[in-house]
Amino acid sequence: MVIARTRRSGAPRLKADAIRVLHVAAEWFPLVKTGGLADVAAALPDAQRAQGVDARLLLPGYPALVDALHGVEPVAHYGPAFGAARVDLLRGRLEGSTVPVYLIDAPWLYGRAGNPYFAPDGREWSDTLQRFALLGWTAAQMAEGGLDAHWSPEVVHAHDWHAALAPAYLAAHGAAWTPARRSRSVLTLHNLAYQGHFGPDRFASLRLPEWMSGQAGLEFHGQLRVLKGGLMFADRITTVSPTYAREILTPQEGHQLDGVLQHRAADLIGILNGIDETVWNPATDAAIAATYDVANLAGKRICRDALQDEFGLLRDASGPLMVVVSRLTHQKGLDLLLAGLPHWLDAGGQVALLGSGDAHLQQAWQAAARQAPGRVGVFIGYDEAKAHRMIAGADLIAVPSRFEPCGLTQLYGLRYGTLPLVHRVGGLADTVTDADEAALREDRATGFAFSGAHLDALTDALRRACALWREPRAWQQLIQRAMCEDTSWSSPAQEYAALYAALRANQPAQGGAALR
């Protein structure tokens, strides 16, 4: 079963002076997804249009997107470009969205199997740089008014390194534009760890002026680093949580770019992600065994039983059931959770895990399932509907990441009354209030948080979660408080709208003060 986005009501009526924003991304939920970027690219523009922003979206023309585009209109024909002999720009809409979508139809670069970054055999595409250079270059051409004769953006909003060349192309062309005509750029960092590293010899293929190949541009320690170029030339830089915006200014979390980010700190702000509450809603979710809401939680117990059956777990009520829905990488802290697993099982807990990634982590979790049948269940891979069933049926969702720019799974957990157990970093710190004595007394607690990526801190959080689970009244209060949290895109969309308006009005940046 594939989770589809709920069809929105008719496209909102926009005012004539609505600010025009072009989002530029490499993924879109549900058709092209490797992580949370796809969810944001799908949900944020929709939320912005509902608030009166003329938000549109530019995506690579992957086969899944080209095949799904409705009401297709040819916009422009250009080529050859970046190795493609033929490039067309198409406009249409994708199912369930009110957002006009532009697709770059370049079969030579995008018409292939695999995901956006890797071939089916797991190898990175050799022309990755060209594929995403075309994405950024097209965004800049649209901003210059050279492609769609009827619409051009005032703000180009680039997401992650795949789109980070858009601000560089805008800056390269900007000298010829008047300040009143120049489009502004925003670069959002969803995960600073991914930066787009290439050899310096590849710069010549980018159609950028030579001066951008140096330290004032894309060069970094003898390499071509695409994200660094975006950081140098974007008018504003955002991250997906306020805490992460502060963390990346440090050597510990700056992934070598902390110096560049400190240089741009006045233009850096953190805006927390939301989730698409039409997709993630336990009251209407067709993927789960029984629906429920904050006023009637009876369906959650049915979902718990169904989840135990699906993963071959015992119908055991002697301890809490915890799920993990994650990539299996060092960042996600799942080796730490594995080390704490004996403590959890000794306390009567169960675990169901869904994910894939590092081979040694996959093997280690599969071994844990073999050693504790009926207590630990593991599914290697990804299945969107299964993720919904897991989050609906569990008592807890573990997100013990060593660093986490925002995280979405803990937000899904809050929405479904599945209490997050998190490492207090990045967006996890911003979204989960630990169930300490004061927070419980004041009815503010929404989960369990620990500080420091070490076993003692994790096991203490696991112990506290088990103890509170055995107090049904307190646990129900926690669930209800969690489900009442605002996880929607409403507030973040308003914050982005204010940022765009300030850019249009040439107002100074407000980021630096918020980071101190």
Side-chain angles (χ1 to χ4, degrees), residues 23-26 35 37 82 116-117 124-125 127-140 143 155-175 183-240 244-270 331 403 405 426 509 511-512 515:
H23 289 272
V24 188
L37 172 62
F82 299 96
Y117 320 115
E124 186 175 4
W125 296 115
D127 57 357
T128 290
L129 180 59
Q130 293 97 310
R131 301 175 89 212
F132 295 125
L134 178 58
L135 180 64
W137 182 85
T138 300
V155 176
V156 173
H157 189 154
H159 294 267
D160 263 353
W161 81 261
H162 327 102
L165 285 175
Y169 288 117
L170 284 168
H173 293 182
S183 294
R184 308 296 174 176
S185 61
V186 175
L187 174 61
T188 293
L189 304 173
H190 296 264
N191 193 333
L192 187 62
Y194 301 101
Q195 300 178 5
H197 297 216
F198 300 94
D201 57 306
R202 305 288 294 278
F203 181 84
S205 67
L206 292 181
R207 300 189 178 186
L208 287 169
E210 184 60 32
W211 67 268
M212 285 190 173
S213 68
Q215 290 185 358
L218 279 67
E219 188 274 336
F220 192 79
H221 294 297
Q223 286 186 314
L224 175 67
R225 198 167 296 194
V226 171
L227 185 62
K228 189 247 185 175
L231 295 175
M232 294 298 291
F233 298 115
D235 292 298
R236 297 289 187 273
I237 302 163
T238 74
T239 67
V240 289
Y244 190 61
R246 294 188 291 271
E247 290 172 345
I248 61 177
L249 297 176
T250 68
Q252 292 77 19
E253 299 299 340
H255 294 277
Q256 300 185 309
L257 291 177
D258 50 290
V260 176
L261 287 159
Q262 289 168 16
H263 173 67
R264 296 299 315 276
D267 300 309
L268 171 65
I269 63 172
Q331 175 203 336
F403 68 93
L515 298 176

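Note that these values count all heavy atoms, side chains included, but never hydrogens, waters or copies made by symmetry. Just so it is clear, the structure is predicted and the values come from calculations on it, not from any experiment.
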### Task
Decide side chain to side chain contact (heavy atoms under 4.5 Å, CB included) for L135 and L165; before the verdict, give the C-alpha distance in whole Å, the side-chain angles of both, and the deciding distance to 0.1 Å.
CA-CA 8 Å; L135 180 64; L165 285 175; over 6 Å; no
With sequence neighbours excluded, tell me which residues meet side chain to side chain donor-acceptor pair (under 3.5 Å) with [X].
X    : value
T128 : none
Q130 : R202
T188 : H157, T238
E124 : none

Is a side-chain donor or acceptor of [X] paired with a backbone partner of [Y] at a separation under 3.5 angstrom?
X    : Y    : answer
R131 : F82  : no
D160 : H190 : yes
K228 : G217 : yes

### Pairs touching residues 201-239 that satisfy ring pair (Phe, Tyr, Trp, His ring centres under 6.0 Å), sequence neighbours left out
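Passing the test, one end in residues 201-239: W211-F233.
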Quick one: closest heavy-atom pair of [X] and [Y], and the distance?
X    : Y    : result
P167 : G230 : CB-O, 4.3 Å
S213 : E219 : O-CB, 3.0 Å
L170 : A143 : CD2-CB, 3.6 Å

Heavy-atom check, side chain of [X] versus side chain of [Y], under 4.5 Å:
X    : Y    : answer
I248 : L261 : yes
L208 : Y169 : yes
I269 : I237 : no
H162 : Y117 : yes
L206 : L224 : yes

If the condition is side-chain contact (heavy atoms from CB on, under 4.5 Å), which residues does [X] pass it with, not counting sequence neighbours?
X    : value
A139 : L22, V24, L58, V156, A166
A193 : N191, H255, F403
H197 : Q195, Q223, R225
S205 : L129

### Query
Going by the angle between their ring planes, with limits at 30° and 60°, are F132 and W161 parallel, tilted or perpendicular?
perpendicular
### Task
Quick one: which residue pairs count as a salt bridge (charged side-chain N to carboxylate O under 4.0 Å, His left out) with a foot in residues 247-257, not counting sequence neighbours?
none
### Message
Once rounded to the nearest 0.5 Å, what's the spacing between atom CG of L249 and atom NE2 of H263?
### Response
13.0 Å
### Query
Which value, rounded to the nearest 0.5 Å, describes the distance between L192 atom CG and T239 atom OG1?
9.5 Å
### Query
Is there a side chain to side chain contact (heavy atoms under 4.5 Å, CB included) between L189 and L231 once you walk through the steps?
CA-CA 9 Å; L189 304 173; L231 295 175; 4.0 Å; yes
### Task
Under the salt bridge (charged side-chain N to carboxylate O under 4.0 Å, His left out) rule, collect the residues that match up with D235, sequence neighbours excluded.
R182
